[in-house]
Amino acid sequence: MVKVTVDGIDVEIPAGSNVLQACEAAGKEIPRFCYHERLSVAGNCRMCLVEIEKAPPKPFASCAYPVADGMVVHTDSPMVRKARRGVMEFLLINHPLDCPICDQGGECDLQDQAVGYGDDHSRYLEPKRAVTDKNLGPLVKTVMTRCIQCTRCIRFSTEIAGVSELGATARGETMEIGTYVEKALSSELSGNLIDICPVGALTSKPYAFVARPWELKKTDSVDVLDAVGANIRVDSRGPDVLRVLPRLNEDVNEEWLADKSRFAVDGLKRRRLDSCWVRRDGKLARASWQEGFDAIAAKMAGMAGDRMGAIAGDLADAESMLALKDLFAALGSTNLDCRQDGAALDASRRDFYSFNTSIAGIEEADAILLIGTNPRREAPLLNARIRKAIVANRTKVAAIGVPADLTYKVEWLGDTPALLADNSFIATLKAAKRPMLIIGQGALRRADGAAILAAAWKLAAETGMLTADWHGFNVLHTAASRIGALDLGFATGKTLDKMLGGGVDLLWLLGADEFDTTKIGASTFVVYQGHHGDAGAARADVILPGAAYTEKDGTYVNTEGRVQRGQLAVFPPGEAREDWKIIRAFSGIIGKTLPYDTIDALRTRLEQVNPVFARVDILPRFGCTDPAGPAAGGVVGTAPFTPAVANYYMTDSISRASPTMAECTAAAAAPVQMAAE
């Protein structure tokens, strides 16, 4: 540790820290534009100037100056104030005076620091420089005349996202930031450029000229468009969700957010189900809640419990799944499934289907084997953690699956599951101190998925991944509801395949749209409870309008088994209601009244079914105490692995309804078409 005095305050900080970090440790605010704690130091904005005793009599850039024992720093001396005013004056020479029409207005670092550290006039009267705007695709809007060349965007795209598409051309006054060849950004994390830009040079294109920050109601919630469970803030005005931003959570998403989670929100107000529908004479017609409930009750009357089944969708919350499970238990049915893709998941033990290392634990690994997964498409934020481990620890990564650009160096071993038993990376795993593997849904949704799961566990045991203080076996999910459903036992009785083709007479779909609904038996009565008119609603005989994740209080469990809660930001449209309330109301209609009337009572029931639901926002780290693996369930096949996610931008009913995601899909396909031509 090094002792430093900042404005008369003594602090101790680790050796190798910079002066800016020492000042923050002393509680002093240091203005900055280019410095970001998660990026490399550039030192080019010169706003973080301080004065250091016994050093040359000049201001120093605190972000690029290392601390020394006994150093004395002044953050608000006359020299520092004059230097900062001069820097701000230089920055504003060419910055346009368009704050009233800038989307960054009200949450702009340049505005705040100009008021706090700038002067009240400028000595420069020359014409301002103008820079041509760049087309970065459908997500990021550019007004490059506002750019102050802090290079945060370049460093983020290169260091965090791992896609070196942004850079600087020319020098001095003619320097410009952009793509070297004009094209859309290809990173799934490109929206974070908007957050880290300290001025209005990079803003959200879909959100342009929509609202001001002070007009918005801000609600903390959890993202459900993949299984990472990123912490988010939902900004709404009236009945509309206008934007979604990331919240800081070091253990899950740090301060980043994937593009689909950020920009698919315009799909929340399109293709919505806002009233009940009942199929009459082969056509769906609007109906009242009573008519919808009566139609279902009439069909259920006298039906054996074994002839009923329920499927939970990928976006379902734990409360609604438990309510549906309790309802079907009262009806005498155990036919429940949450695996729309048919993934062979062993629910007998939680570590058989969880990401046991934890997302933050990836940074501790020194060797990683990917099996049948493309984390860049399936979980971009988790993929960024893998890249972070490689950059910081030189972690070695190998993969068995379809070759793809994961933004980091990967040793591709092949694409067949036979390589689980014998491959060149096994020696590296055995020699590693903390090896881990990640098996994806592309490996588990096959006919031999159970055998592959068992083979992967066996490989983990043989290579030292399963110890008392380290659990290196990890399943990467793509559905936000999957872990919670398995924790609740929503995978019993007949599987999805056995419920299709006439396997049941009544099928209740809880937002389930990710399977081939044409395989449902022609005589099967289908109840669809959900929020979008997608595949499940098209096949339904009765539609019950539910609430999207921004329109209800809900509990979700991410891929690592972390229990988190989302909050209601806006009310559901029309006659739509929260899903557990719909099920509770229907249970009273058929005389099977569920024993809870409030969400608190339902959450108490959640904890009774599985105590893990009592650990909200807490994820204990467990080693492996029992090396016995899941049942083999057959032999490993020879067919190569296939990707689990064909189109990153459209994986659920919300993103499929989003015009922005449709534009991203078209932009992603354009380079492929050009290459083919």
Would you say [X]'s side chain and [Y]'s backbone share a donor-acceptor pair under 3.5 angstrom?
X: Arg603; Y: Ala614; answer: no
X: Thr524; Y: Ile520; answer: no
X: His532; Y: Asp652; answer: no
X: Asn335; Y: Asp306; answer: yes
X: Lys494; Y: Gly503; answer: yes

Of the non-hydrogen atoms in [X] and [Y], which two are nearest, and what is the gap between them?
X: Leu225; Y: Ser261; value: CD1-CA, 4.0 Å
X: Thr638; Y: Thr416; value: O-CG2, 3.9 Å
X: Asp259; Y: Tyr648; value: N-OH, 3.5 Å
X: Ala667; Y: Pro138; value: CB-CD, 4.2 Å
X: Pro630; Y: Ala454; value: O-CB, 3.8 Å
X: Asp579; Y: Ser320; value: CB-CB, 3.6 Å

Salt-bridge criterion met for [X] and [Y] (N-O under 4.0 Å):
X: Arg286; Y: Asp274; result: yes
X: Arg584; Y: Glu578; result: no
X: Asp220; Y: Arg247; result: yes
X: Asp534; Y: Arg656; result: yes
X: Glu188; Y: Lys260; result: no
X: Asp541; Y: Lys299; result: no
X: Asp337; Y: Arg339; result: yes
X: Asp341; Y: Arg482; result: yes
X: Asp317; Y: Lys552; result: yes
X: Asp505; Y: Arg307; result: yes
X: Arg350; Y: Asp487; result: yes

Apply the test salt bridge (Lys or Arg N to Asp or Glu O under 4.0 Å) to residues Glu551 and Arg272: give CA-CA distance (whole Å), side-chain angles for both, the deciding distance (0.1 Å), then the verdict.
CA-CA 13 Å; Glu551 300 159 0; Arg272 290 304 303 268; 2.7 Å; yes
Could you walk me through whether Lys592 and Asp326 pass the salt bridge (Lys or Arg N to Asp or Glu O under 4.0 Å) check?
CA-CA 10 Å; Lys592 304 288 185 182; Asp326 287 348; over 6 Å; no
Any ring-ring contact (aromatic ring centres under 6.0 Å, His included) involving residues 563-606? Give me the pairs, sequence neighbours left out, ordered by first then second residue.
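Those involving residues 563-606 are Phe293-Phe586, Trp508-Phe586.
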Decide yes or no on side-chain hydrogen bond (donor to acceptor under 3.5 Å, both in side chains) for Thr555 and Glu319, but give the supporting numbers first.
CA-CA 7 Å; Thr555 302; Glu319 288 87 353; 2.5 Å; yes
Let me see the working for Arg565 and Asp617 under salt bridge (Lys or Arg N to Asp or Glu O under 4.0 Å), right down to the final yes or no.
CA-CA 8 Å; Arg565 285 179 179 164; Asp617 294 323; over 6 Å; no
Could you tell me if [Y] and [X] have a donor-acceptor pair between their side chains, going purely by distance under 3.5 Å?
X: Asn383; Y: Arg377; value: no
X: Ser354; Y: Asn356; value: no
X: Asp600; Y: Thr598; value: no

Between Phe352 and Trp457, is a ring pair (Phe, Tyr, Trp, His ring centres under 6.0 Å) present by the stated rule, with each step listed?
CA-CA 8 Å; Phe352 288 166; Trp457 183 277; 5.0 Å; yes
Leu245 pairs by side-chain contact (heavy atoms from CB on, under 4.5 Å) with which of Ile232, Asp235, Leu257?
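Exactly one pass, corresponding to Asp235.
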Would you check if Asp294 and Glu291 make a side-chain contact, meaning some heavy-atom pair closer than 4.5 Å?
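Sidechains of Glu291 and Asp294: no contact.
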Taking atom NZ as the centre, does Lys519 end up with more than 12 heavy-atom neighbours from other residues, nucleotides or ligands that are less than 6.0 angstrom away?
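No.
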Other residues, nucleotides, ligands: >12 heavy atoms within 6.0 Å of Lys217 NZ
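Result for NZ/Lys217: enclosed.
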Pair Glu378, Thr373 - check side-chain hydrogen bond (donor to acceptor under 3.5 Å, both in side chains), show working.
CA-CA 8 Å; Glu378 298 166 28; Thr373 181; 2.9 Å; yes
If I take atom CG from residue Leu370 and atom CG from residue Leu406, how far apart are they, to the nearest 0.5 angstrom?
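If I round to the nearest 0.5 Å, the distance is 6.5 Å.
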Identify all side-chain donor-acceptor contacts of residues 658-665 below 3.5 Å with residues at least two apart in sequence or on another chain.
residue : atom : partner : partner atom : Å
Ser658  : OG   : Asp266  : OD1          : 2.5
Ser658  : OG   : Thr660  : N            : 3.3
Ser658  : OG   : Met661  : N            : 3.1
Thr660  : OG1  : Asp266  : OD2          : 2.6
Thr665  : OG1  : Asn647  : ND2          : 3.2
Thr665  : OG1  : Met661  : O            : 2.9

